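Note that ligands are numbered from 1 as they come in the structure, with each ligand's atoms numbered from 1 the same way. In this text the structure is predicted, and so the values were computed from the model without any measurement.
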Amino acid sequence: MIYPKIYLKPKKEESVLRLHPWIFSGAVARIDGQPEEGTVVEVFAADGRLLGVGHYQIGSIAVRLLAFDEVTIDHAFWLDRLRSAYNLRQMLGLDHAPENDTYRLVYGEGDRLPGLVIDMYADTAVMQAHSVGMHHARHDIATALRELLGDRLQAIYYKSDGTLPFKAALDHTDEYLLGRYTGGEHLATERGLRFGIDWLKGQKTGFFVDQRENRRLLEQYAGGRTVLNMFCYTGGFSVYAMRGGARAVHSVDSSSKAVSLTERNVALNFPNDDRHRAFAEDAFDYLRRAGNDYDLIILDPPAFAKHRDVLRNALQGYRKLNAAAFEKIRPGGILFTFSCSQVVSRNDFRLAVFTAAAQTRRHVRILHQLTQPADHPVSIYHPEGEYLKGLVLEVE
Ligand code: SAH
């Protein structure tokens, strides 16, 4: 296969030789031909050595490398990459109905498929492209995924309107690439708990798969406690807290749609259980008027910073939110606090929480430092893939 060629400036191949998959536009010396965004290109060092093959992009990242050698991006390529991603999830025991069938099958660079995310919900895959290259490849990927999973895959829903670069001006309508789910509410199982997943209307791919292991840890702390689950979305933490034997669980989200998803998921697993109540309210307002009864609080807000330039504001946001929780939590309470902003480093986040704690002068100890689960693997050469940070704190 002949692909358009991109030549780097002298010495700009160093990060690629260390297997980092991004080529920044400033590193490019010249481009043979006029590749369109999303085209597969070959990348060469200034001395003419082939460095890899990837998707061309317009923007600060010029190429996302799919491979560091000479390969053809064809059916065999997609099949091979997807198989290796699937093998990892099988090794992790995540495709294991009836106990668990909710997991991330592909996590971008961590699976050597930059720009692609696939979440599995029982027999349905929800696919998300973050690059035009992956958008163009979506049908090939769907074909390979079908071959890999056979009958255990009944539908593939492609949902990328919110994730593709807006400049690309594609007519990218979200749609089914395979099958079509028509059975009403779609249920999937995470660690033995049932969740209704709505990828059509829900945020992201419909569910936050990345908190699975952290929810399990929460379950172990929930026994006998009065739990406040802030930013509950589909109520994942709430349902685990219920199973863990919580005395009461209150879930809060500013979106009333999220509150009804939470109520539905609690009812699916714990019908007629009056320990749970949900509130559609702003988190800060709720915390302001909340009593001092909670002894287990979860703070899992949306990314406060999506870009570097708003980092300072984001850190203020984390500080204020955590300070409000430290003020309210009962002595001996446990706080699960998270940040999913990629641009907020582990240290930044810890500093924001530290500052919040110091403001209240309560004694606080770190019991666990949490991150994203193994189905969101981070390539050691691409630390940017790490985004989820959490602390479990005991507050005296
Ligand atoms: N903890 C959830 C994921 C949280 S996603 C899980 O485990 O699945 C973030 C949620 O915060 C979204 O549902 C969003 O509606 C909600 N949200 C955003 N801003 C908010 C605010 N100011 N107050 C309360 N909820 C908010």
Side-chain angles (χ1 to χ4, degrees), residues 102-104 119 121 126 162 188-191 193-199 201-219 221-222 227-244 246 249-266 268-269 276-290 294 296-306 310 313-314 316-325 328 335-342 344 370-373 375-376 387-392:
T102 303
Y103 59 95
R104 180 152 289 190
D119 284 337
Y121 301 118
V126 181
T189 308
E190 183 185 89
R191 302 296 186 205
L193 293 164
R194 308 282 277 156
F195 291 94
I197 316 277
D198 185 351
W199 48 84
K201 296 203 207 82
Q203 304 174 35
K204 309 266 173 86
T205 65
F207 191 70
F208 285 80
V209 186
D210 57 359
Q211 290 286 22
R212 180 183 55 248
E213 304 308 322
N214 301 332
R215 291 179 189 130
R216 274 225 290 196
L217 182 66
L218 175 101
E219 180 177 358
Y221 279 97
V227 179
L228 173 60
N229 180 13
M230 298 298 271
F231 309 93
C232 62
Y233 185 31
T234 57
F237 282 105
S238 305
V239 177
Y240 280 73
M242 303 278 289
R243 187 166 69 178
V249 179
H250 294 167
S251 306
V252 178
D253 199 292
S254 56
S255 139
S256 51
K257 169 92 175 124
V259 164
S260 48
L261 289 171
T262 294
E263 281 173 334
R264 172 65 188 141
N265 287 327
V266 169
L268 264 174
N269 294 280
H276 184 259
R277 289 179 64 192
F279 305 87
E281 193 174 343
D282 174 79
F284 289 92
D285 292 344
Y286 185 90
L287 276 172
R288 207 168 296 125
R289 65 171 186 81
Y294 296 113
L296 177 49
I297 299 182
I298 301 122
L299 301 176
D300 185 22
F304 282 168
K306 295 224 164 87
V310 291
N313 286 348
Q316 291 283 1
Y318 289 117
R319 185 183 54 72
K320 282 194 192 138
L321 179 65
N322 282 274
K328 289 292 150 108
L335 175 63
F336 275 64
T337 182
F338 296 95
S339 163
C340 60
S341 305
Q342 195 271 334
V344 172
L370 306 179
T371 184
Q372 62 215 52
D375 53 342
H376 296 58
Y387 68 97
L388 186 62
K389 299 152 286 284
L391 294 168
V392 181

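Between Arg215 and ligand 1, at least one pair of N/O atoms sits closer than 3.5 Å. The shortest N or O to N or O distance between Asp282 and ligand 1 is below 3.5 Å. Between Ala283 and ligand 1, at least one pair of N/O atoms sits closer than 3.5 Å.
Between the side chains of Thr205 and Tyr121, at least one donor N or O lies within less than 3.5 Å of an accepting N or O. Residues Ser251 and Ser238 bring a donor and an acceptor atom of their side chains to less than 3.5 Å of each other.
Of all the heavy atoms of Met230, none lies under 4.0 Å from any atom of ligand 1, so neither backbone nor side chain is involved. Under 4.0 Å from ligand 1, the heavy atoms of Phe237 that appear belong solely to its side chain.
Nearest to atom 2 (C) of ligand 1 by heavy-atom distance, out of Phe207, Phe208, Phe231, is Phe231. Proximity annotation for atom 18 (C) of ligand 1: of Pro302, Gly202, Ser238, Pro302 comes nearest, heavy atoms only.
When each atom of ligand 1 is checked for a heavy atom of Ser255 under 4.0 Å away, the hits are 15 (O). Residue contact check: Asp300 has heavy atoms under 4.0 Å from atoms 1 (N), 2 (C), 3 (C), 4 (C), 6 (C), 7 (O), 9 (C) of ligand 1.
Scanning the protein heavy atoms around atom 15 (O) of ligand 1, the nearest turns out to be Asp253 OD1, 2.6 Å. Regarding atom 25 (N) of ligand 1, its nearest protein heavy-atom neighbour is Ser254 N, 3.0 Å.
Proximity of a side-chain donor or acceptor of Glu190 to a complementary backbone N or O of Arg212 within less than 3.5 Å is not detected.
Checked against the 6.0 Å centroid threshold, Tyr294 and His250 count as a close aromatic pair.
For the residue pair Ser260 and Lys257, the shortest heavy atom distance occurs at OG-O, 3.0 Å.
Classification of the Tyr286-Phe279 ring pair by plane angle, with boundaries at 30° and 60°, yields tilted. Ring planes of Phe231 and Phe304: perpendicular class, angle over 60° (limits at 30 and 60°).
The shortest heavy-atom distance from Gly236 to ligand 1 is not under 4.0 Å.
Under the side chain to side chain donor-acceptor pair (under 3.5 Å) test applied with Arg194, the options Thr102, Asn269, Thr189, Asn265 reduce to a single match, Thr189.
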